[in-house]
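Taking it in order: structure first as structure tokens, then the write-up.
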Amino acid sequence: MGASMSTPPAPTVRAEAMASPPQGCPMHQEAQPIKVSPPPECPMHQTQPVKVSPAVSPAVSPPPECPMHRAEAGPAHQDRAYEFVECPMKAAVGMNDIDPSNMMPPPNQMPAPDQPFDLSVSREESTIPRHGTGKHWVYPSEQMFWNAMLRKGWRWRDDDLGAKDMSNIINIHNRNNEQAWKEILKWEALHAGECPCGPALKRFGGKAKEYSPRARIRHWMGYELPFDRHDWIVDRCGKEVRYVIDYYDGEIDKDTYQFSILDVRPAFDSLDAVWDRMKVAWWRWTS
């Protein structure tokens, strides 16, 4: 009898169904975008226009939460300035806070790598109103001033400044700015009727090498050139007015730290400024 061989059947492979999380788990939920919009009282949400009788026209103003009432952003270092006025030591500890916008610590109060001595991080509040905030501008600290000089290319040497000198520089800087604001207020007094709340400083900038026409004319007449120049933009109840400030060397007053001779005047940017300067020139000539 012949032996017969049969091939065993191939094993059956069953595909196992993959376990899936239940429908209630977070990955099955669609992310809902967060919508941020101005409050419903703002004009863009009003479907029916407000009709005002021509005889009676009351001023209709959007609520203060609307975007148009938000103050303009000022210099970044002014945002934390009051921390260094109220409690410098506590604020200095917070300098290690990481800024999420650039993942870097605040640089203006950090000591320089090769700095030979410690400098104060305390800041003094000025008397100059800061536009749109209800607060005043705050002057830089000794450390901020040191870092600013380094950014401009200055480097310390053994026979240069000491810690006491930096303190004196800050005092001179602050007094000069206070004096400049007092001079601006004298000009602004000519417009007290149109701006009863008083002016506020909006922004400013240094233009040390951009001599004003007035400074150049004085130099042609034999006078020295100013060692610095600032342009200050003042808000006069909604109207921007530019002031030019030329700083000339003078003898320092050790009691008040007044050092510079200031030439402050409104720039020839408008007919109002031209008229103001003509009136003041006449008063000075006839007084």
Side-chain angles (χ1 to χ4, degrees), residues 59 68 71-75 78 125-140 171-253 255-287:
M68 64 285 293
E72 297 180 3
Q78 289 287 328
E125 182 181 4
S126 75
T127 63
I128 305 173
R130 182 182 170 195
H131 170 67
T133 64
K135 298 181 179 180
H136 295 88
W137 287 86
V138 180
Y139 292 125
N171 287 327
I172 292 173
H173 170 271
N174 297 355
R175 298 292 81 76
N176 279 342
N177 283 280
E178 292 293 326
Q179 182 62 32
W181 183 247
K182 290 180 180 178
E183 294 297 321
I184 288 177
L185 290 181
K186 294 177 182 178
W187 287 97
E188 287 297 307
L190 300 174
H191 301 272
E194 64 185 87
C195 187
C197 297
L201 180 59
K202 198 169 187 178
R203 60 185 183 274
F204 56 89
K207 298 182 178 180
K209 300 303 180 182
E210 297 182 25
Y211 300 116
S212 64
R214 180 185 176 99
R216 293 183 181 277
I217 293 175
R218 285 173 52 87
H219 184 60
W220 295 337
M221 297 172 62
Y223 295 96
E224 64 177 350
L225 287 169
F227 68 85
D228 198 4
R229 169 193 167 181
H230 283 184
D231 282 17
W232 288 18
I233 309 301
V234 172
D235 179 82
R236 182 191 294 162
C237 293
K239 179 181 179 180
E240 286 192 358
V241 183
R242 181 169 66 98
Y243 281 88
V244 180
I245 307 172
D246 286 328
Y247 296 82
Y248 294 90
D249 285 322
E251 295 184 2
I252 186 171
D253 188 325
D255 296 327
T256 63
Y257 290 98
Q258 184 66 36
F259 167 70
S260 304
I261 300 174
L262 308 184
D263 185 6
V264 183
R265 69 275 185 194
F268 285 134
D269 293 340
S270 65
L271 292 178
D272 286 342
V274 174
W275 180 241
D276 287 348
R277 290 181 63 169
M278 289 176 61
K279 287 191 296 185
V280 172
W282 174 255
W283 293 344
R284 290 172 177 173
W285 181 264
T286 58
S287 61

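Keep in mind it's a predicted model, so treat the numbers as computed, not measured.
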Hey, what do you get for Cys237 versus Cys195: SG atoms under 2.5 Å apart or not?
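Correct, these two cysteines form a disulfide.
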Within the 4.5 Å heavy-atom criterion, are [X] and [Y] side-chain neighbours or not?
X: Phe204; Y: Ile233; value: no
X: Tyr248; Y: Glu224; value: yes
X: Trp181; Y: Pro199; value: yes
X: Leu201; Y: His131; value: no
X: Leu271; Y: Trp275; value: no
X: Asp263; Y: Ile245; value: no
X: Trp187; Y: Val280; value: yes

Is the Tyr247-His230 ring centre distance short of 6.0 angstrom?
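Yes - the distance between ring centres of Tyr247 and His230 falls below the 6.0 Å cut-off.
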Tell me, with the steps shown, if Arg265 and Asp246 meet salt bridge (Lys or Arg N to Asp or Glu O under 4.0 Å).
CA-CA 9 Å; Arg265 69 275 185 194; Asp246 286 328; 3.0 Å; yes
Over all atoms of both residues, closest heavy-atom pair of [X] and [Y]:
X: Phe227; Y: Ala208; value: O-CB, 4.4 Å
X: Tyr139; Y: His173; value: CD2-CE1, 4.0 Å
X: Val244; Y: Ala267; value: CG2-CB, 3.9 Å

Cation-pi between Arg218 and Tyr223: NZ/CZ under 6.0 Å from ring centre and within 45° of the ring axis?
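Here Arg218 passes the 6.0 Å and 45° test against Tyr223.
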State whether Phe268 and Arg277 meet the cation-pi test: NZ (Lys) or CZ (Arg) under 6.0 Å from the six-membered ring centroid, and within 45° of the perpendicular axis.
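Arg277 over Phe268 ring: yes.
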May I have the step-by-step check of salt bridge (Lys or Arg N to Asp or Glu O under 4.0 Å) for Arg130 and Glu125, ending in yes or no?
CA-CA 11 Å; Arg130 182 182 170 195; Glu125 182 181 4; over 6 Å; no
Are any side-chain N or O atoms of Ser260 and backbone N or O atoms of Asp249, one a donor and one an acceptor, separated by less than 3.5 Å?
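Flag not set: sc Ser260 to bb Asp249 has no pair under 3.5 Å.
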How many angstroms lie between atom CG of Leu225 and atom CZ of Arg229, to the nearest 0.5 angstrom?
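So the gap between those two atoms works out to 12.5 Å.
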OH-CD1 distance between Tyr243 and Ile184, expressed to the nearest 0.5 angstrom
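Rounded to the nearest 0.5 Å, the OH-CD1 separation comes to 6.5 Å.
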Residues in salt bridge (Lys or Arg N to Asp or Glu O under 4.0 Å) with Asp228, at least two apart?
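Once residues adjacent in sequence are excluded, Asp228 has no partner under the salt bridge (Lys or Arg N to Asp or Glu O under 4.0 Å) criterion.
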Quick one: which of Asp235, Asp272, Asp231 gives a salt bridge (Lys or Arg N to Asp or Glu O under 4.0 Å) with Arg242?
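The single option meeting the salt bridge (Lys or Arg N to Asp or Glu O under 4.0 Å) with Arg242 is Asp231.
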Which pairs pass salt bridge (charged side-chain N to carboxylate O under 4.0 Å, His left out) with one or both residues in residues 177-189, sequence neighbours excluded?
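Applying salt bridge (charged side-chain N to carboxylate O under 4.0 Å, His left out) to every pair that reaches into residues 177-189, excluding sequence neighbours, yields Glu183-Lys186, Glu188-Arg236.
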Is Glu240 paired with Arg203 through a side-chain N to carboxylate O contact shorter than 4.0 Å?
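The answer is yes: the pair qualifies as a salt bridge.
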